[in-house]
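Count residues from 1 along the sequence. Keep in mind it's a predicted model, so treat the numbers as computed, not measured. In listed order, ligands and their atoms are each counted from 1.
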Amino acid sequence: MIEAVGLTKRYGAKTAVYNLSFQVRPGAVTGFLGPNGAGKSTTMRMILGLDRPTSGQVTIGGRPFRQLPNAPRQVGALLDAKAVHGGRSARNHLLSLAQLSGIPARRVDEVLGVVGLHDVAKKRSKGFSLGMGQRLGIAAALLGDPQVLLFDEPVNGLDPEGILWVRNLMKQLAAEGRTVFVSSHLMSEMALTADHLIVIGRGQLMADMSVKDFISHNSADFARVRTPQTEPQQREKLLAALTEAGGQVLSEPDGALRVTGLPLPRISDVAHEADVRLWELSPHQASLEEAYMRMTQGAVDYRSTADEKSGLMQQPPMGYVPPQPQIPEVPQQGFYAPPPPQPGQNPYAASVPPAGPTAPAAPAAPAPPAGPPAAAPADLTKPEDAR
Ligand SMILES: Nc1ncnc2c1ncn2[C@@H]1O[C@H](COP(=O)(O)OP(=O)(O)OP(=O)(O)O)[C@@H](O)[C@H]1O
């Protein structure tokens with residue numbers, strides 16, 4: 001087991017890891033998640049005795065790494081796949097590591113086979129692709145057949161087949177009773193690989209729970225509700241009415257309201273009672289990636305801004321009509337989100353047929369008036385919120 005207690009690391013004025021306490025247990029894959037710069041690599045380096053904590057401590061099986069007898073036989077790690085002497089062949093690189101730890105040479109051939117590098121074992125590693133380098137790093141971690149394994153972003157640079165291979169390897173190592181600690185910044189990958197999650201942001205613990213719990217806490221259903229953009233007071237009225245009715249209401253960046261805790265028919269009733277017109281009422285399910293981003297959004301170091309293309313914008317040619325998004329028709333039982341109407345149009349005169357198996361066929365809708373079609377965002381008819 002890996003155990004961190006009050007782990008803190010400062011580099012001058014920069015606090016990379018702050019007061020981090022967690023346990024990584026054997027027999028499970030524990031995902032270590034956090035955005036870029038969250039402190040994952042720093043934590044891993046401290047676990048491996050490569051960086052000294054400013055305060056706190058971290059132990060493996062009750063001892064700091066540097067006090068473990070024959071540590072390479074107990075702990076294997078992939079930290080930086082590029083930390084290889086490029087002039088050496090894959091086999092020679094592993095052989096030199098094996099000799100340092102008293103590991104027999106035949107083990108080198110075994111691990112080369114496990115990671116699929118047998119055929120290129122004699123090639124110099126400087127010619128290796130990123131994915132091959134990752135495989136070589138994983139081979140080095142497996143060399144001593146250790147009980148504790150740490151992998152820092154092991155799927156970086158791997159193709160889909162390689163990613164699946166790493167995923168299965170992690171699971172297999174955990175099923176053999178080993179402690180497997182794997183960092184990533186991708187929630188989607190960890191949801192498929194890990195049993196347990198430790199999430200950090202700006203060096204601090206944000207979540208420590210099983211993947212199952214993370215999913216059940218964070219993939220709740222919610223409704224998106226939109227009122228006419230031209231009448232902001234309607235939105236405020238609805239927000240107050242929904243809160244009063246017991247809903248939890250959050251504002252979305254595009255002005256819509258995200259409502260949890262109230263079923264869609266109740267939201268419709270509340271809006272009707274408050275005399276608020278709705279332009280959208282649609283069911284959604286929060287994705288795990290989104291839940292993770294919400295959790296860590298205040299802890300992101302690098303944020304992009306919109307590219308204003310100062311002085312570089314080209315005028316579209318005369319007569320250019322921008323392509324309109326194709327909106328797939330995904331019927332939602334009983335609900336649909338009509339596109340925002342154009343000024344002067346009736347928002348409910350759209351040609352969407354009523355949903356439900358017994359609904360009569362809708363009469364053919366009249367052709368829309370000439371002019372630009374309504375710019376409906378593609379998410380309006382999606383069952384899940386993919387943004
Ligand atoms: N040697 C160092 N000197 C100064 N600052 C450092 C040093 N190492 C890391 N940091 C800073 O500490 C913070 C945490 O870095 P770290 O590499 O641990 O994050 P990470 O979660 O592994 O990020 P990434 O996913 O981008 O690799 C960052 O702000 C980084 O700039």
Side-chain angles (χ1 to χ4, degrees), residues 2-24 29-58 60 64-66 75-84 130-131 133-134 136-138 140-141 148-158 162-163 166-167 170 180-194 196-209 214 288-305:
I2 303 170
E3 184 168 29
V5 182
L7 203 57
T8 297
K9 179 69 190 178
R10 291 198 181 88
Y11 296 105
K14 173 87 197 174
T15 302
V17 172
Y18 181 70
N19 199 21
L20 209 51
S21 298
F22 60 82
Q23 293 180 340
V24 185
V29 177
T30 300
F32 193 31
L33 264 177
N36 289 135
K40 305 178 297 292
S41 302
T42 303
T43 304
M44 288 201 159
R45 282 201 306 273
M46 287 193 281
I47 295 172
L48 294 165
L50 297 170
D51 256 344
R52 197 182 288 276
T54 308
S55 61
Q57 61 164 351
V58 59
I60 299 175
F65 181 88
R66 285 172 177 272
V75 185
L78 163 70
L79 281 196
D80 179 2
K82 292 190 285 296
V84 174
L130 192 55
Q134 291 291 99
L136 183 57
I138 293 172
V148 176
L149 285 144
L150 285 86
F151 299 101
D152 197 5
E153 308 267 2
V155 299
N156 258 2
L158 292 179
I163 292 173
V166 169
R167 200 180 291 157
M170 306 277 128
V180 182
F181 194 38
V182 46
S183 83
S184 175
H185 55 267
L186 295 176
M187 178 70 225
S188 49
E189 180 52 34
M190 283 298 99
L192 294 171
T193 311
H196 195 90
L197 287 179
I198 293 170
V199 184
I200 62 168
R202 291 248 165 91
Q204 297 184 55
L205 191 67
M206 310 221 118
D208 182 351
M209 60 175 72
F214 191 92
L288 280 185
E289 202 71 45
E290 192 202 24
Y292 162 60
M293 273 157 61
R294 273 178 186 270
M295 182 179 279
T296 56
Q297 67 189 359
V300 174
D301 269 353
Y302 311 102
R303 230 179 261 282
S304 65
T305 57

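Between Lys40, Lys14, Met46, it is Lys40 that holds the heavy atom closest to atom 25 (O) of ligand 1. Taking each of Ala38, Gly37, Ser184 in turn, the one with a heavy atom nearest to atom 24 (P) of ligand 1 proves to be Gly37. Of the candidates Val17, Leu79, Asn36, Asn36 brings a heavy atom nearest to atom 26 (O) of ligand 1.
If you number the atoms of ligand 1 from 1 as listed, the ones under 4.0 Å from a heavy atom of Pro35 come out as 21 (O). Numbered from 1 in the order shown, with element, the atoms of ligand 1 that lie under 4.0 Å from a heavy atom of Arg45 read 8 (N).
Residue contacts with ligand 1: Ser41 is placed with a nitrogen or oxygen under 3.5 Å of a nitrogen or oxygen of the ligand (distance criterion only). At under 3.5 Å, not a single nitrogen or oxygen of Thr43, backbone or side chain, sits near a nitrogen or oxygen of ligand 1.
Atom CG of Asp208 sits about 8.5 Å away from atom OG1 of Thr30, to the nearest 0.5 Å. For the atom pair Glu189 CD and Leu33 CG, the distance stands at 10.0 Å (nearest 0.5 Å).
Looking at Thr42, its side chain never comes within 3.5 Å of a backbone N or O of Ala16 through a donor-acceptor pair. Using a distance-only test at 3.5 Å, with no hydrogens or angles considered, no donor-acceptor pair links the side chain of Thr15 to the main chain of Arg10.
For Met44, the heavy-atom gap to ligand 1 stays at 4.0 angstrom or more. For Gly39, the closest heavy-atom approach to ligand 1 falls below 4.0 Å. For the pair Glu153 and ligand 1, a heavy-atom separation below 4.0 Å is found.
The one candidate from Asp152, Asp51, Leu150 that meets the side-chain contact (heavy atoms from CB on, under 4.5 Å) condition with Arg45 is Asp51. If you run side-chain contact (heavy atoms from CB on, under 4.5 Å) between Met190 and each of Leu197, Val199, Val29, only Leu197 comes through.
Between Leu79 and Leu50 there is a side-chain heavy-atom pair separated by less than 4.5 Å.
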